[in-house]
Amino acid sequence: MKPLMLQGHERSITKILFNREGDLLFSASKDPKPNVWYSINGERLGTYDGHSGAVWSIDIKWDSSLFITGSADQTMRIWDVETGSSLANLEMKTSVRGVNFSYSGTMIAYTTDKMMGHNSELSIVDVREPNNVDATPIMKTQVTPSNAKALSVLWGPLDEYVVTGHEDGCIIKWDMRTGKKMEVGQEHTKQIKDMQLSHDGMMLITASKDSTARLWDLATLEPLKVYKTDRPVNSAAVSPLVDTYPHVVLGGGQEAMDVTTTSSRIGKFDARFFHLVFEDEFARVKGHFGPINSISFHPNGRGYASGGEDGYVRVHVFDDAYYQFKFDF
Amino acid sequence: MSVDDVVKSSWADEVEEVEGGNLPPTVEKSDGNSKTITEYSLNEDGKKVKVTSHYRIEKHRVARTIAERKTWRKYGLSKNDKPGPNPATTITAEDVFMHFLSNKEEEQNEQEDIKKKLIDSQKGQVKCRLCKEDHWTKQCPYKDKLEPLRSSLLGEEKAEEEPPQPGGGPPVDKSKIGGGTQGKYVPPSMRDGGSKKGESMMSARGRDETATVRVTNLSENTREQDLQDLFRPFGDISRIFLAKDKNTGQSKGFAFINFKRREDAAKAIQVLNGYGYDHLILSVEWAK
């Protein structure tokens with residue numbers, strides 16, 4: 001397959017995200033300008049100007065009209081996707097680590113960092129009127145000191161609860177109305193780097209620094225599967241084609257810099273594909289020059305995109321070999 | 001000398017024409033579903049550069065919302081971008097292929113079985129000169145440690161001893177590794193219980209294989225590949241050791257060839273002893 005290499009960032013990529021329909025690809029990096037691209041041909045639609053620090057996380061509303069970014073400059077901004085203008089700028093006490101639109105797009109959950117005497121918090125704001133966002137959250141809980149700081153956040157499928165991933169490897173489900181902990185999943189031993197939902201919202205996959213990715217049932221937070229690798233996993237995603245191609249892709253790698261004299265045209269860091277059920281690795285795709293920081297399947301399951309420490313976003317479309325591959329069991 | 005004529009007779013003509021400093025105009029050819037844009041520009045060294053870009057025009061039927069989004073005006077850093085991908089930001093990377101690892105486990109198991117079989121079959125053949133045990137001499141003083149372990153950790157230990165086998169690397173490195181695995185560097189004179197007179201001339205590594213021949217009177221620019229070509233017709237070779245001068249890499253004049261079968265070795269001796277190779281007459285005999 002001939003991937004598209006998108007070169008719009010000057011620093012390493014922190015997060016990439018497809019919109020629901022799959023035609024737009026958003027990329028955020030440690031430089032303050034997130035980019036948006038057309039995923040079909042890699043054409044850049046635009047960049048969002050306004051942040052002054054690394055953009056840690058992004059999310060897009062289901063209708064692709066609003067785009068939110070959480071940044072290390074202690075603000076969370078809401079943007080209009082069509083024009084690229086900033087609609088709202090919410091200031092926090094510490095850097096914003098995780099942002100997520102609720103399924104209905106009416107609320108945003110975000111987590112802030114534990115810094116300078118402030119605790120890590122999980123808050124929810126109402127954004128039914130994006131031009132006029134009330135900065136006071138409708139729900140706020142202190143994550144620390146009773147738990148490790150929360151880094152990523154995801155809404156449950158019916159907007160009833162929120163799941164957060166923490167620095168010590170546990171994931172916690174919070175009731176949205178009361179702000180109380182509902183369930184805790186403690187299986188990972190090191191920091192959770194990324195959490196993604198499966199396409200149907202029934203399963204959650206977490207990628208952790210402890211070199212594994214785990215699949216959980218979202219309703220009960222019961223651990224279902226473990227995907228083991230030999231290097232820290234920075235991001236993991238579940239293929240939308242769960243029936244025909246039940247695959248999971250993992251991206252990671254923080255090996256010592258022994259990437260020496262291999263061909264310098266394509267990098268050595270690879271995305272690894274595992275079978276969802278059998279937990280067996282069946283394919284690798286090389287290409288990145290640095291560890292992969294974020295990886296995501298295209299919503300139609302026919303391709304995937306990955307963003308790496310090298311600052312490049314690579315968009316791949318699977319060729320026949322992928323579809324014809326039969327996993328022997 | 002029409003400048004618009006894209007089909008040129010030779011690049012030499014083209015270069016001559018543009019010496020004046022004016023660049024040919026951009027040529028855009030589109031036919032049906034592909035577009036070829038040929039742009040001329042000056043690169044950093046002031047040299048004329050011709051950039052040919054091929055675009056494929058595809059038509060997709062998409063949902064209305066997606067089509068609407070495609071018509072949006074660009075903003076931010078892309079505000080001044082022309083329609084279509086901007087080559088500064090979008091590049092088609094090299095072809096990458098999915099590297100499938102099917103049946104990895106089975107393959108590994110098979111390999112291990114084969115190794116085990118090899119090792120077991122070789123058990124009797126390998127004999128250390130000093131302790132008559134089942135290993136190569138050069139590592140003997142330290143091999144005792146492995147002996148008691150062997151009974152308990154059969155498979156793993158055999159795998160460790162595997163490297164000395166058909167590897168075909170210079171023996172110097174191997175013995176150092178052998179010594180190294182025990183944790184200490186052993187100088188060449190101290191290896192094998194110290195019975196050698198420096199790097200041995202008489203025997204390559206203390207290998208007690210009956211299918212080994214020694215060939216002497218080789219010319220100094222003989223290489224392993226030459227020996228391979230010379231001895232291969234007689235049968236399978238398990239390894240070739242060519243004594244080389246470390247600094248110059250030239251052959252010291254002798255080599256040891258380990259055949260897999262003794263009869264092949266016998267044949268090689270018969271045929272090649274007295275054979276003229278390069279400018280010297282080879283002497284091929286059993287390695288004592």
Side-chain angles (χ1 to χ4, degrees), chain A residues 1-9 19-24 33-38 40-50 63-65 80-85 263 265-267 270-273 280-287 312-316 318-319 321-322 325-328, chain B residues 28 30 32-37 39 51-111:
Chain A
M1 42 188 166
K2 269 202 167 0
L4 290 167
M5 198 155 80
L6 309 178
Q7 197 184 1
H9 292 284
N19 66 344
R20 189 181 56 92
E21 280 132 330
D23 61 314
L24 295 176
K33 292 200 212 299
N35 288 7
V36 59
W37 315 76
Y38 289 110
I40 187 84
N41 63 351
E43 191 180 332
R44 185 160 73 174
L45 171 59
T47 61
Y48 298 94
D49 223 343
D63 60 357
S64 304
S65 60
D80 176 33
V81 180
E82 181 173 354
T83 58
S85 53
S263 162
R265 290 171 304 141
I266 49 168
D270 44 25
R272 302 188 178 187
F273 287 80
D280 272 334
E281 187 182 332
F282 68 88
R284 291 187 191 188
V285 180
K286 283 206 223 291
Y312 292 117
V313 178
R314 292 170 72 90
V315 184
H316 309 77
F318 294 125
D319 49 13
Y322 174 75
F325 176 73
K326 288 204 185 316
F327 190 85
D328 293 328
Chain B
E28 198 176 294
S30 40
N33 56 354
S34 73
K35 197 154 79 160
T36 312
I37 297 181
E39 288 173 325
V51 178
T52 315
S53 327
H54 296 277
Y55 295 98
R56 199 174 59 222
I57 301 177
E58 287 178 346
K59 262 203 172 138
H60 290 268
R61 279 202 106 184
V62 293
R64 188 172 16 104
T65 43
I66 300 179
E68 276 172 13
R69 283 196 276 270
K70 205 67 177 58
T71 61
W72 285 349
R73 231 182 282 149
K74 299 192 183 175
Y75 47 84
L77 291 173
S78 294
K79 216 193 291 198
N80 305 318
D81 274 0
K82 296 188 287 249
N86 180 355
T89 49
T90 314
I91 313 160
T92 8
E94 301 271 327
D95 243 338
V96 284
F97 295 102
M98 266 195 145
H99 193 67
F100 291 102
L101 313 153
S102 51
N103 299 328
K104 196 171 154 196
E105 275 192 45
E106 283 181 17
E107 275 180 23
Q108 277 187 349
N109 286 339
E110 280 175 16
Q111 279 182 6

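Here is the naming used below: chain letters follow the sequence lines, and residue numbers restart at 1 for every chain.
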Most heavy-atom pairs under 4.5 Å with chain B, out of His316(A), Lys33(A), Arg44(A), belong to Arg44(A)

Identify which part of Val81(A) has an atom lying under 4.5 Å from any heavy atom of chain B, answering side chain, backbone, both or neither. both

Honestly, the part of Asn35(A) sitting under 4.5 Å from a heavy atom of chain B is neither

Looking at Ala271(A), Ser64(A), Ser85(A), which makes the most heavy-atom pairs under 4.5 Å with chain B? Ser64(A)

Using 30° and 60° as the class limits, which term best fits the ring planes of Phe318(A) and Phe273(A): parallel, tilted or perpendicular? perpendicular

Is there a side-chain contact between Leu24(A) and Leu45(A), using heavy atoms and a 4.5 Å cut-off? yes

Are Asp49(A) and Tyr75(B) side-chain neighbours, meaning at least one heavy-atom pair lies under 4.5 Å? no

With a 4.5 angstrom heavy-atom cut-off, could you sort out which part of Tyr312(A) is near chain B: side chain, backbone, both or neither? neither

Please look at Tyr322(A) and chain B and tell me whether the side chain, the backbone, both or neither of the residue comes under 4.5 angstrom of a heavy atom of that chain. both

I'd like to know whether Lys70(B) forms a side chain to side chain contact (heavy atoms under 4.5 Å, CB included) with Glu43(A), so could you lay out the CA-CA distance, the side-chain angles of the two residues, the decisive distance to 0.1 Å, and finally the verdict. CA-CA 10 Å; Lys70(B) 205 67 177 58; Glu43(A) 191 180 332; 3.4 Å; yes

Do Ile66(B) and His60(B) have side-chain heavy atoms sitting under 4.5 Å apart? no

Given heavy-atom pairs under 4.5 angstrom as the criterion, report whether the side chain, backbone, both or neither of Arg73(B) touches chain A. backbone

4.5 Å side-chain heavy-atom contact, Val285(A) and Met1(A): yes

Go through the atoms of Thr83(A) and report whether side chain, backbone, both or neither lie under 4.5 Å from a heavy atom of chain B. backbone

If you compare all heavy atoms of Arg314(A) against all heavy atoms of Pro3(A), which two are closest, and at what distance to 0.1 Å? NH2-CG, 3.4 Å

Greatest number of non-hydrogen atom pairs under 4.5 angstrom with chain B, of Val36(A), Ile40(A), Asp319(A), falls to Ile40(A)

